[in-house]
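Notes follow once the structure below has been shown.
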Amino acid sequence: MDEPVLLTGAGGRVGQAILRGIGDDYEWRLLDREPLPAAKVPAGVTDADRYVADITDERAVREAVADVGAVIHLAGDPRKTAPWDSVLRNNIDGAQVVMRAAAEAGVERFAFASSNHAVGGYETEDRTPDLYRPDDDYRLDGTELPRPGNLYGVSKAAGESLGRFYHDEFGMSVVCVRIGNLTRDHPPREYERGQAMWLSHRDCAHLFDRCLRADYDYEVVYGISNNDRRYYSLERAREALGYDPADNSADYTFEGKPKDDGDSDTDGEYVDDPDVTTDDTPAEPNFPTDPDAPSDGA
Ligand SMILES: NC(=O)C1=CN([C@@H]2O[C@H](COP(=O)(O)OP(=O)(O)OC[C@H]3O[C@@H](n4cnc5c(N)ncnc54)[C@H](O)[C@@H]3O)[C@@H](O)[C@H]2O)C=CC1
Ligand SMILES: O=C1O[C@H](COP(=O)(O)O)[C@@H](O)[C@H](O)[C@H]1O
């Protein structure tokens, strides 16, 4: 792709996983409401390509999407306990502003960071914990209706609907990636659910790379690694995008140690960033700390 790619929420965990993996492969515009330290910015991204703006700021967003070929939209409140006023503003209104600006600007491809929490309601008492185990064959494949288990999940389902609308009305290619649980270097420790939906950093970068290169109309796919434990199908991501994940939480012990040191996800080619932790906690959280965040999620 010759045109620049706009990455919103570039300073966060997912944004940094993408930039560390494919930061050298595209011309980027980076948008975040927090200024990005130099260590979080790939070489070659000029000051003019860095936007410190809120995604609800229509004017700033219109300026950032002008002449871009694709958008990866990550910015938002990622907390599963986020209150309604925050998800309404950051996740729903924010997605609407970014998608509308992109569609009106003629952007070709739009990747939206949806979440496992858009379908968390399928994890019913009678299905869990079996669902999280390798011998269970229950699968969600992206054709099911959203079934959020919290208001954060509701906001992600709303973003998926906005994507459907902007695809149908404007012809913009939209892919909604229901991201599982991104952690660096190892799957979430001693956390069956997290290991079933682990997304390694290198698979994350590869998946969004495919979102930028593949031809699709409107898609809902699951963003997880090739885990033996899983209840999300990877079929659609493979077929529609050409996603071919390299990692598997089964290659690690339940405590998160690599069983074989040869092929663990110890990427970090682009920069050894002291701000990016090896767990799933942002170094500088931009929302209040989540009191319910699992301590075993790292
Ligand atoms: N980390 C994970 O495992 C998962 C993440 N996701 C989704 O991926 C996206 C990124 O998540 P993370 O990187 O983990 O979150 P994060 O909190 O680490 O990063 C989010 C970034 O977006 C920026 N941001 C937040 N609200 C903004 C606004 N109104 N305007 C401009 N910038 C804003 C923040 O400053 C931050 O740099 C979110 O939409 C989240 O819901 C979905 C499922 C799993
Ligand atoms: O959407 C998200 O999901 C992941 C995984 O959820 P969890 O309930 O197993 O922790 C979460 O870590 C991330 O912060 C969130 O944005």
Side-chain angles (χ1 to χ4, degrees), residues 6-19 30-37 40 50-58 60-61 64 72-82 85-98 111-120 123 128 132 148-160 176-184 187-189 191-201 203-204 207-208 222-225 232 275-277 279-290 292-298:
L6 173 65
L7 178 66
T8 74
R13 293 167 291 186
V14 180
Q16 288 297 294
I18 293 171
L19 290 176
L30 307 179
L31 185 147
D32 203 295
R33 67 182 179 188
E34 303 292 328
L36 302 186
K40 290 191 169 188
R50 292 155 69 164
Y51 293 79
V52 181
D54 197 287
I55 49 168
T56 58
D57 179 344
E58 292 181 24
V61 170
I72 299 176
H73 176 50
L74 308 175
D77 188 338
R79 296 171 300 158
K80 62 187 171 191
T81 55
D85 59 348
S86 180
V87 296
L88 183 60
R89 176 185 166 80
N90 295 294
N91 298 7
I92 300 179
D93 191 33
Q96 148 68 6
V97 168
V98 178
F112 169 65
S114 185
S115 168
N116 61 88
H117 286 285
V119 288
E123 293 167 52
T128 56
Y132 309 134
N150 46 47
L151 293 175
Y152 164 71
V154 170
S155 76
K156 291 299 176 181
E160 292 182 0
C176 303
V177 182
R178 289 179 178 164
I179 303 172
N181 192 328
L182 179 88
T183 57
R184 188 174 172 186
R189 291 183 171 127
Y191 180 31
E192 284 193 276
R193 179 174 193 268
Q195 293 178 4
M197 60 171 69
W198 183 44
L199 179 63
S200 72
H201 273 216
D203 286 340
C204 177
L207 175 55
F208 281 95
Y222 284 96
I224 62 169
S225 288
Y232 299 149
D275 275 352
V276 178
T277 58
D279 63 17
D280 60 353
T281 309
E284 297 164 30
N286 296 321
F287 293 94
T289 307
D290 178 354
D292 289 341
S295 57
D296 55 358

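Remember, predicted model here, so these are calculated numbers, not experimental data. All ligand and atom numbering here is 1-based and tracks the order in the structure.
A donor-acceptor distance shorter than 3.5 angstrom exists from the side chain of Asn91 to the backbone of Asp77, with no hydrogens or angles considered. Judged by distance alone, with hydrogens and angles left aside, the side-chain atoms of Arg178 form no donor-acceptor pair with the main-chain N or O of Gly223 at under 3.5 Å. Ser225 contributes a side-chain N or O that, together with a main-chain N or O of Ser200, makes up a donor-acceptor pair within less than 3.5 Å. The backbone N or O of Arg189 sits nowhere less than 3.5 Å from a side-chain atom of Gln195 that would complete a donor-acceptor pair. Remark: side-chain polar atoms of Gln16 are paired, donor with acceptor, to backbone N or O of Ala10 under 3.5 angstrom. Between the Lys156 side chain and the Ser115 main chain, no donor and acceptor come within less than 3.5 Å of each other. In this structure a side-chain-to-backbone donor-acceptor pair under 3.5 Å is present from Thr8 to Leu74. Between the side chain of Asn116 and the backbone N or O of Ile179, at least one donor-acceptor pair lies under 3.5 Å. With hydrogens and angles disregarded, no donor-acceptor distance shorter than 3.5 Å links the side chain of Asp57 to the backbone of Ala53.
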Would Ser114 and Glu160 count as a side chain to side chain donor-acceptor pair (under 3.5 Å) here? Give the steps. CA-CA 7 Å; Ser114 185; Glu160 292 182 0; 2.6 Å; yes
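Contacts with ligand 2 closer than 4.0 Å are made by no heavy atom of Glu192, backbone or side chain. Of all the heavy atoms of Ala53, the ones lying under 4.0 Å from any atom of ligand 1 belong exclusively to the backbone. Of the heavy atoms in Arg79, none comes closer than 4.0 Å to ligand 2. Contacts of Leu182 with ligand 2, taken as heavy-atom pairs under 4.0 Å, are absent altogether.
Ligand 2 has at least one atom lying under 4.0 Å from a heavy atom of Gly180. Heavy atoms of Thr56 stay at 4.0 angstrom or farther from ligand 1. Residue contact annotation: Ala17 has no non-hydrogen atom under 4.0 Å from ligand 1. Not a single heavy atom of Lys156 sits less than 4.0 Å from an atom of ligand 2. Within the structure, the closest approach of Lys156 to ligand 1 falls below 4.0 Å when heavy atoms are considered. At a 4.0 Å cut-off, not a single heavy atom of Gly223 sits close enough to ligand 1 to count as contact.
Annotation for Arg193 and Tyr232: closest pair NH2-OH, 4.5 Å, computed over non-hydrogen atoms. Considering all non-hydrogen atoms of both residues, Leu36 and Gly11 come closest at CD2-CA, 3.4 Å. Taking each heavy atom of Trp198 and Pro188 in turn, the nearest pair found is CD1-CD, 3.6 Å. In terms of heavy-atom proximity, Val61 sits nearest to Asp54 at CG2-O, 4.1 Å.
Close N/O approach between Arg33 and ligand 1 is found [any backbone or side-chain N/O within under 3.5 Å]. Taking any N or O of Asp32, backbone or side chain, at least one lies under 3.5 Å from an N or O belonging to ligand 1. Every N/O-N/O distance between Ile179 and ligand 1 stays at or above 3.5 Å. Remark: ligand 1 and Asn116 share no N or O pair separated by less than 3.5 Å (distance only, no angle test). Checking only distances, His117 does come within under 3.5 Å of ligand 2, N or O to N or O. Ligand 2 has an N or O atom lying under 3.5 Å from an N or O atom of Pro78, backbone or side chain. No N or O atom of Gly15 sits closer than 3.5 Å to an N or O atom of ligand 1. Remark: ligand 1 and Asp77 share no N or O pair separated by less than 3.5 Å (distance only, no angle test). Of the polar atoms of Gly9, none of the N or O atoms is found under 3.5 Å from an N or O of ligand 1, judged by distance alone. Residue Val14 places at least one N or O, backbone or side chain, under 3.5 Å from an N or O of ligand 1.
Contact check for Tyr222 versus Met197: no side-chain heavy atoms found under the 4.5 Å cut-off. Contact check for Arg89 versus Thr56: side-chain heavy atoms found under the 4.5 Å cut-off. Between Ile18 and Ile72, some side-chain heavy-atom pair lies under the 4.5 Å cut-off.
Of all atoms in ligand 2, numbered sequentially from 1 with element shown, those under 4.0 Å from a heavy atom of Lys80 are 7 (P), 8 (O), 10 (O). Atoms of ligand 2 found under 4.0 Å from any heavy atom of Arg13 (numbered from 1 in listed order, with element): 14 (O). Short contacts between ligand 1 and Glu34, defined as distances under 4.0 Å to a heavy atom of the residue, involve ligand atoms 35 (O). Atoms of ligand 1 lying under 4.0 Å from any heavy atom of Asn90, numbered from 1 in the order shown and given with element: 26 (N), 28 (C), 29 (N). Shown in contact with Gly180 at under 4.0 Å from a heavy atom are these atoms of ligand 1, numbered in order with element: 3 (O), 43 (C), 44 (C). Within the listing of ligand 2, atoms 1 (O), 2 (C) sit less than 4.0 angstrom from a heavy atom of Ser115. Those atoms of ligand 2 that come under 4.0 Å of a heavy atom in Arg193, given as number and element, are 6 (O), 7 (P), 8 (O), 9 (O). Contact atoms of ligand 1 toward Asn181: 3 (O) (distance under 4.0 Å to a heavy atom of the residue).
For atom 40 (C) of ligand 1, the candidate residues are Phe112, Tyr51, Tyr152; the nearest heavy-atom contact is made by Tyr152. Nearest-heavy-atom check against atom 17 (O) of ligand 1 across Ser114, Pro78, Gly12 picks out Pro78.
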